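In this chain, numbering begins with 1 at the start of the sequence shown. Keep in mind it's a predicted model, so treat the numbers as computed, not measured.
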Amino acid sequence: MFVALAHAFKTPDLRRKLLFTLGIIVVYRVGTHVPIPGVSYGSVQQCIDQTSSSQGLFGLVNLFSGGALLQITIFALGVLPYITASIILQLLTVVIPRLEALKKEGQAGTTKITQYTRYLTVALAILQGTGLVATARSGALFQNCSVASQIVPDRSIFTTVTMVITITTGTAVVMWLGELITDRGIGNGMSILMFISIASTTPSALWAIKKQGTLAGGWIEFGAVIVAALALVGLVVFVEQAQRRIPVQYAKRMIGRRSYGGTSTYIPLKLNQAGVIPVIFASSLLYVPSLVAQFSQGDSGWKTWITQNLSKSDHPVYIATYSVLIVLFAFFYVAITFNPDEVAGNMKQYGGFIPGIRAGRPTAEYLRYVLNRITWPGALYLGVIALVPTIALAVTGAGQNFPFGGTSILIIVGVGLETVRQIESQLQQRHYEGFLR
């Protein structure tokens with residue numbers, strides 16, 4: 001791996017891409033520490049010291065922003081608005097015929113959908129930025145903080161609008177930085193920024209576990225977390241690489257004097273076809289009841305029930321609901337992203353068939369059967385990985401401070417593997433050995 005990395009830096013054009021990507025990452029990390037105007041930086045730091053920055057209703061957004069959300073910086077929303085917009089456009093592609101037609105137009109249609117994603121990202125940034133500013137003004141951003149209501153000293157309309165505009169502009173800049181990495185860097189820009197955001201919180205979370213530990217000054221707990229992290233990384237890499245390969249044979253066709261077809265290939269169906277999307281969907285949906293209960297007035301029965309059962313990650317009701325939602329969203333996302341009828345139609349059009357299966361409708365039914373069979377273990381695997389923080393709470397008392405929780409470990413490993421593949425493909429084009437042998 002280190003030899004391949006040395007070859008990458010010895011190649012002039014690849015070295016420029018790597019250095020450009022590193023420069024964008026530095027700019028992004030600097031922006032996550034620049035506070036927006038109208039915020040009392042001292043009060044924010046005091047609240048962060050009094051409360052756990054990785055707990056609470058805003059933990060998911062704070063995770064994707066690299067800790068910038070709770071510090072209320074210009075990049076407070078991070079990449080989450082763009083990710084949400086991309087997911088929404090992907091779901092709408094199945095529902096709206098116009099978007100589906102654009103998707104089939106090739107590069108021109110993809111460019112148009114990307115433009116729509118940018119517009120939706122800015123709209124979501126305005127909405128989420130307004131919510132963040134309103135939450136900070138009300139003092140609900142930090143629980144059990146004595147100076148939470150003093151985070152925004154000036155409550156004027158001008159200051160509020162300035163804060164929302166600054167956060168929205170910061171989100172647009174993050175989107176631009178990600179696209180720069182995609183165009184001029186090593187590619188996959190938004191995923192790399194998301195990887196950096198999550199990985200940047202890992203050292204502080206590890207050190208917090210060491211400080212909270214009681215065995216040998218916390219080093220026993222620290223070592224146990226490292227060992228558990230390595231085991232989790234190995235499990236995630238193994239499952240993410242696992243796939244069911246369905247063989248496809250193409251018949252020979254004579255066009256003039258030339259023979260076409262007659263080749264053998266396969267359809268790779270990943271065990272975890274949905275990726276990390278079901279975990280994000282389930283986490284976001286479970287935040288909604290708690291958020292509504294937090295801002296509601298009075299002590300009604302439904303508010304008490306939500307506070308007791310759906311606001312604590314170690315509660316049995318929360319665990320059961322979270323697991324069921326992950327499984328349901330996994331099947332839902334796979335169903336809308338992989339169309340067996342379309343795949344079977346394309347195979348039949350180009351003379352392809354699965355050995356032993358008739359072309360057309362029987363092929364679609366076979367693909368649907370196989371997909372349902374492999375989605376079950378993939379969905380259960382996502383549920384187990386996502387419950388790692390809850391298991392850590394029961395074993396070590398780390399809770400949400402566990403730095404290798406479900407969403408973070410899946411994103412870190414997934415983006416890391418994809419980035420390595422991209423660098424490896426460029427190395428192999430120059431006859432060098434890649435990272436994966």
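Atom OH in Tyr381 sits 5.5 Å away from atom CG in Asn272 (nearest 0.5 Å). The CD1 atom of Ile192 sits 8.0 Å away from atom CD1 of Ile196, with the distance rounded to the nearest 0.5 Å. One finds the OG1 atom of Thr21 at 10.5 Å from the CZ atom of Arg184 (value rounded to the nearest 0.5 Å). Atoms OG1 and CZ, on Thr265 and Arg245 in that order, are 9.5 Å from each other to the nearest 0.5 Å. Met347 contributes atom CE, which lies 6.5 Å from atom CG of Leu367 (distance to the nearest 0.5 angstrom). One distance of note links CG of Leu80 with CE of Met194; it measures 9.5 Å at 0.5 Å rounding.
In this structure, Phe75 and Tyr28 have parallel ring planes: the angle between them is below the 30° cut-off, well short of the 60° mark. The aromatic rings of Tyr318 and Tyr322 lie tilted to each other, with the angle between the two planes from 30° to 60°.
With Thr73 contributing its side chain and Thr32 its backbone, the two residues share a donor-acceptor pair below 3.5 Å. Formation of a donor-acceptor pair under 3.5 Å by the Asn188 side chain with backbone atoms of Ser191 is not found in this model. In this structure, Glu240 contributes its side chain and Val237 its backbone to no donor-acceptor pair below 3.5 Å. Checked by atom type and distance alone, the side chain of Thr363 pairs as donor or acceptor with a backbone atom of Arg358 at under 3.5 Å.
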**Request:** Could you go through the side chain to side chain contact (heavy atoms under 4.5 Å, CB included) check for Tyr366 and Val370 one step at a time?
**Result:** CA-CA 6 Å; Tyr366 176 75; Val370 173; 3.7 Å; yes

**Request:** In sequence, state the C-alpha distance, the side-chain angles, and the governing distance for Thr169 and Ile74, and then conclude on side chain to side chain contact (heavy atoms under 4.5 Å, CB included).
**Result:** CA-CA 8 Å; Thr169 305; Ile74 59 175; over 6 Å; no

**Request:** Tell me, with the steps shown, if Val39 and Met163 meet side chain to side chain contact (heavy atoms under 4.5 Å, CB included).
**Result:** CA-CA 9 Å; Val39 174; Met163 294 173 66; 3.6 Å; yes

**Prompt:** side chain to side chain contact (heavy atoms under 4.5 Å, CB included) between Phe20 and Ile186: does it pass, once the steps are laid out?
**Reply:** CA-CA 9 Å; Phe20 181 81; Ile186 59 177; over 6 Å; no

**Prompt:** Under the side chain to side chain donor-acceptor pair (under 3.5 Å) criterion, do Glu365 and Tyr369 qualify, and how do the steps go?
**Reply:** CA-CA 6 Å; Glu365 294 176 352; Tyr369 168 77; over 6 Å; no

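The pair Glu179-Arg118 counts as a salt bridge, with a side-chain nitrogen and a carboxylate oxygen less than 4.0 angstrom apart.
For the pair Leu410/Leu382, a side-chain contact is recorded, criterion being any heavy-atom separation below 4.5 Å from C-beta on. Within the 4.5 Å cutoff, the side chain of Gln241 has heavy atoms near those of the Leu417 side chain. Side-chain contact between Gln243 and Leu271 is absent, with no heavy atoms from C-beta onward closer than 4.5 Å. Contact check for Phe331 versus Trp376: side-chain heavy atoms found under the 4.5 Å cut-off. Between Leu124 and Tyr119 there is no side-chain heavy-atom pair separated by less than 4.5 Å. Using a 4.5 Å heavy-atom threshold, the side chains of Thr171 and Tyr82 count as separate. Side-chain contact between Ile385 and Leu235 is present, with heavy atoms from C-beta onward closer than 4.5 Å. Inter-residue side-chain proximity for Ile277 and Phe329 is flagged as unmet; no heavy-atom pair is nearer than 4.5 Å.
Nearest heavy-atom pair across Val327 and Ala379 is CA-CB, 4.0 Å. Across all non-hydrogen atoms, the minimal contact from Lys17 to Gly185 is CD-O, 3.6 Å. Heavy atoms only, all atoms of each residue included: Gly360 and Ala344 are closest at O-CB, 3.6 Å. Between Gln273 and Leu269, the closest heavy-atom pair is OE1-C, 3.7 Å. For the pair Thr121 and Ala85, the tightest heavy-atom approach, listed with the atom from each and the gap, is OG1-CB, 3.4 Å. The nearest pair of heavy atoms linking Met190 to Gly178 is SD-CA, 3.6 Å.
A side-chain donor from one of Gln249 and Ser264 sits under 3.5 Å from a side-chain acceptor of the other.
Residue Val276 forms a side chain to side chain contact (heavy atoms under 4.5 Å, CB included) with just one option from Ile409, Val413, Ile411, and that option is Ile411.
Sorted by first then second residue, the salt bridge (charged side-chain N to carboxylate O under 4.0 Å, His left out) pairs that include residues 334-351, not counting sequence neighbours, are Asp341-Arg368.
Around atom CZ of Arg15, more than 12 heavy atoms belonging to other residues, nucleotides or ligands sit under 6.0 Å away.
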